Amino acid sequence: MMLPSEHEAEPAQAVIAPGVTQVHRASPPRPPRATAELASAREEHAAYVQGRERLENAGFLRALVVLAVLVLAASIAHAGLGRVFVHGWWRQW
């Protein structure tokens with residue numbers, strides 16, 4: 001029987017002495033500590049995302065208002081102006 005050499009050992013094992021192997025247990029990877037530059041970049045990105053969300057919300061609201069006006073105009077056109085605005089409609093107020 002042949003003893004495993006360093007080249008024949010499995011990648012997760014290391015040969016300490018002939019016939020004795022030890023399993024390497026590496027610690028989980030850790031991210032590097034945040035620098036001041038990284039922290040300022042994160043704050044800048046958060047401000048950018050917040051601004052983009054505000055713009056998207058405003059655009060969505062504008063689109064809903066335009067859609068409501070188009071539906072109203074189409075409804076009035078379908079019913080006819082004479083039926084929607086009958087003679088003397090302004091006196092009802």
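Atoms considered below: every heavy atom in the structure, side chains included; atoms not considered: hydrogens, waters and symmetry mates. Keep in mind that what you see is a predicted model, and the values were worked out from it rather than measured. Nothing fancy with the numbering, it's 1 onward along the sequence.
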Asker: Find out if a path of hydrophobic residues (ILVMFWY) with successive side-chain heavy-atom gaps under 4.5 Å connects V84 to V86.
Answerer: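 Yes: a chain of side-chain contacts under 4.5 Å links V84 to V86.
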Asker: With rounding to the nearest 0.5 angstrom, report the NE2 to CZ distance, H45 to R52.
Answerer: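 With rounding to 0.5 Å, NE2 (H45) is 12.0 Å from CZ (R52).
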Asker: Would you compute the distance between atom CD of E43 and atom CG of L38 and round it to the nearest 0.5 angstrom?
Answerer: 10.0 Å
Asker: Is there a path of hydrophobic side-chain contacts, each under 4.5 Å between heavy atoms of I/L/V/M/F/W/Y residues, joining L72 to L64?
Answerer: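 Hydrophobic grouping puts L64 apart from L72.
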